[in-house]
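Just so we're on the same page: letters track the sequence lines, and every chain starts at 1. Please read all numbers here as calculations on a predicted model, not as lab measurements.
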Protein chains: 2
Amino acid sequence: MESQGTGRQPKYQRIAVELKAAIEDGRYGPGDRLPGENDLMAAYAVARMTARQALGVLQTEGLVEARKGAGVFVREYRPIRRRGVQRLSAGLWGEGRSVWAVDAQGWDLEVQSVTVADEKPPEAIGRVLGLAAGASACVRRRRFALDGRPVMLATSYLDAALVSGTAIAEPDTGPGGIYARLGEIGHGPVRFREEIRSRMPTPQETDRLALSAGTPVVLICRTAFTAEGWAVEVNDMVLDSSAYILEYDFTS
Amino acid sequence: MESQGTGRQPKYQRIAVELKAAIEDGRYGPGDRLPGENDLMAAYAVARMTARQALGVLQTEGLVEARKGAGVFVREYRPIRRRGVQRLSAGLWGEGRSVWAVDAQGWDLEVQSVTVADEKPPEAIGRVLGLAAGASACVRRRRFALDGRPVMLATSYLDAALVSGTAIAEPDTGPGGIYARLGEIGHGPVRFREEIRSRMPTPQETDRLALSAGTPVVLICRTAFTAEGWAVEVNDMVLDSSAYILEYDFTS
DNA sequence: TAGTGGTCTAGACCACATT
DNA sequence: ATGTGGTCTAGACCACTAC
């Protein structure tokens, strides 16, 4: 005897639910191989597309990862803690260390690629930076990886006229990074705003971050303000949501 | 002549890319109906499952929403701005207004349902609250909606022994909400930590938030600390990511 | 080489929304 | 009543992985 109502449920959902229960019970642990399409066809007497659909449910929920030619495997979740407030305190970036070093808490967040160019920024960002219409920005694109696994794409925009000739316009910005250099030219930021959203990745983001199906991205747009209230930098970040926990501390 | 390399691309991806381009160009705007499965089968000379797969790509990217019996429609994005820092400043919850009123910025964030019960909390939360093993917590579950559309599920955990007999254990907590009541019994919170993650929703969350395919949820876990450093409340929130922008402001 | 997941076809029946 | 998307079948060929 089955529990009531299960008859109205599509087959693929019933299969998905049973697989999910097996994962939550620990019958399959992180990294384990699940029954594949052929196994499910035999076990449940369904067609291939139906077995596929069941596995697809777990994939789009991010529980499971399909590896071509190998099988379907349970994913694991071990995120990095990123502290939004403390990491930008003066004690850190005022001296020799880069802002990003603290991200990985002992592990090493490695910069995989840097490009610097003058470009016309998106309209909204140009406006925030107070650029004249059509003026160009210094655009710094970076990709960060942890243990070789890419976890974040970052794009910084700064007023090209302000930073040209400084280390900010070079791939290597030197100790303390962009913010230390801005301080040296009298525009050190003291106030920050981070705006956070989440959505499914574009195919390009999926590619650059090597995301598996069912993994959203988190978007952080950080604006850095000087004491005078000028926005000197806008940093657009795209994070692998399975790689991060963001933390913000504040007082009332 | 096609551009080089397109031949190596699966048909469904090619179709998906063309539809996506049409949306980005504005040929289809928010709320518009896209070509359906039958249209695509005819236009591209493919089988039904292939047309479906193409539309599935846009769905899981959150660009598009399928309505049974009606068609496939372009989704729109109009998020609420939620300020993490200012909304908890003393000026707000110290007086008559509830913390949540500012969320919607003029619109009304309505509480759709409240349940209050004493339960054993998840192990990790009991530990944060400093509860003895097996001790029960006062658990407040709420659902918030904007214009009738559910946008957030919130579950608060407090020490049951601390709040029993107060308005916190009632569905209606009175003006200023939980935090004002905690202040009245000498445990007003002054420091907050919010931890943010994102993932695809569980089927239950999809149901309770009426999420369409391709919409992640954002998880905010907020811990409220007293001046003595006690954690008096843990609030677990599940947000429709398409409904929110989170904002955090801070100084270095 | 055998097995896996990825793509694709050509049908079918259903519940549902709009007309 | 017609057309829509949702589910399902029974085949097929391919590229890739593991052995």
Side-chain angles (χ1 to χ4, degrees), chain A residues 5-19 28 31-75 203 206-207 210-215, chain B residues 5-19 28 31-75 203 206-207 210-215:
Chain A
T6 5
R8 292 282 132 245
Q9 201 180 19
K11 292 186 188 178
Y12 78 93
Q13 282 185 19
R14 182 168 118 67
I15 300 173
V17 165
E18 293 199 8
L19 288 174
Y28 302 103
D32 284 0
R33 185 177 179 283
L34 285 179
E37 296 174 357
N38 295 338
D39 303 302
L40 294 178
M41 286 169 69
Y44 292 93
V46 293
R48 185 137 135 70
M49 290 305 292
T50 307
R52 259 184 91 68
Q53 210 174 352
L55 291 169
V57 170
L58 304 205
Q59 265 187 80
T60 57
E61 278 181 40
L63 278 176
V64 127
E65 183 180 20
R67 293 204 275 271
K68 203 184 344 186
V72 180
F73 300 85
V74 179
R75 289 178 53 182
T206 300
D207 189 57
L211 299 174
S212 57
T215 307
Chain B
T6 7
R8 292 282 131 246
Q9 200 180 19
K11 293 186 188 178
Y12 79 94
Q13 282 186 18
R14 183 167 118 68
I15 300 173
V17 164
E18 293 199 7
L19 287 173
Y28 301 102
D32 284 358
R33 185 178 179 287
L34 285 179
E37 296 173 356
N38 295 337
D39 303 301
L40 294 179
M41 287 169 68
Y44 292 93
V46 294
R48 184 132 140 62
M49 290 304 293
T50 307
R52 260 184 91 67
Q53 208 174 354
L55 291 169
V57 170
L58 304 205
Q59 265 186 80
T60 56
E61 278 181 40
L63 278 177
V64 127
E65 184 178 21
R67 293 204 275 271
K68 201 182 348 183
V72 179
F73 300 84
V74 179
R75 289 178 55 184
T206 300
D207 190 57
L211 299 173
S212 58
T215 308

Rounded to whole angstrom units, what separation is found between the [atom1] atom of [X] and the [atom2] atom of [N]?
X      : N       : atom1 : atom2 : result
M41(B) : dG5(D)  : CE    : C1'   : 13 Å
N38(B) : dA17(C) : CG    : C1'   : 15 Å
L40(B) : dG3(D)  : CG    : C1'   : 15 Å
L58(A) : dG5(C)  : CG    : P     : 13 Å
F73(A) : dT4(C)  : CZ    : P     : 11 Å
E65(B) : dG6(D)  : CD    : P     : 11 Å
Y44(B) : dT7(C)  : OH    : C1'   : 18 Å
Q13(A) : dT7(D)  : CD    : C1'   : 10 Å

Side chain to side chain donor-acceptor pair (under 3.5 Å) filter on Y12(B), not counting sequence neighbours, yields none
Considering the options L19(A), D32(A), V64(A), which one meets the side-chain contact (heavy atoms from CB on, under 4.5 Å) requirement together with V72(A)? V64(A)
Testing T50(A), L34(A), I15(A) one by one against L40(A) for a side-chain contact (heavy atoms from CB on, under 4.5 Å), which residue passes? I15(A)
[X] side chain, from C-beta outward: closest of [options]:
X      : options                 : value
T50(B) : dT9(C), dT9(D), dG5(C)  : dT9(C)
K11(A) : dT9(C), dC8(D), dA17(C) : dC8(D)
Q53(B) : dT7(C), dG5(C), dA10(D) : dT7(C)
M49(B) : dC8(D), dG5(C), dC8(C)  : dC8(D)
V72(A) : dG6(D), dA10(D), dG5(C) : dG5(C)

With nearest nucleotides of DNA chain D determined for A70(B) and R67(A) from heavy-atom distances, which residue corresponds to the more 5′ nucleotide? A70(B)
Distance below 4.0 Å between R52(A) side-chain N/O and dG6(C) OP1 or OP2: yes
What's the separation between atom CG in L58(B) and atom CZ in R75(B), rounded to the nearest 0.5 Å? 12.0 Å
Which pair of heavy atoms, one from A70(A) and one from R33(A), lies closest together, and at what distance? O-NE, 3.3 Å
R33(A) or Y12(B): which one's nearest nucleotide on DNA chain C is closer to the 5' end? R33(A)
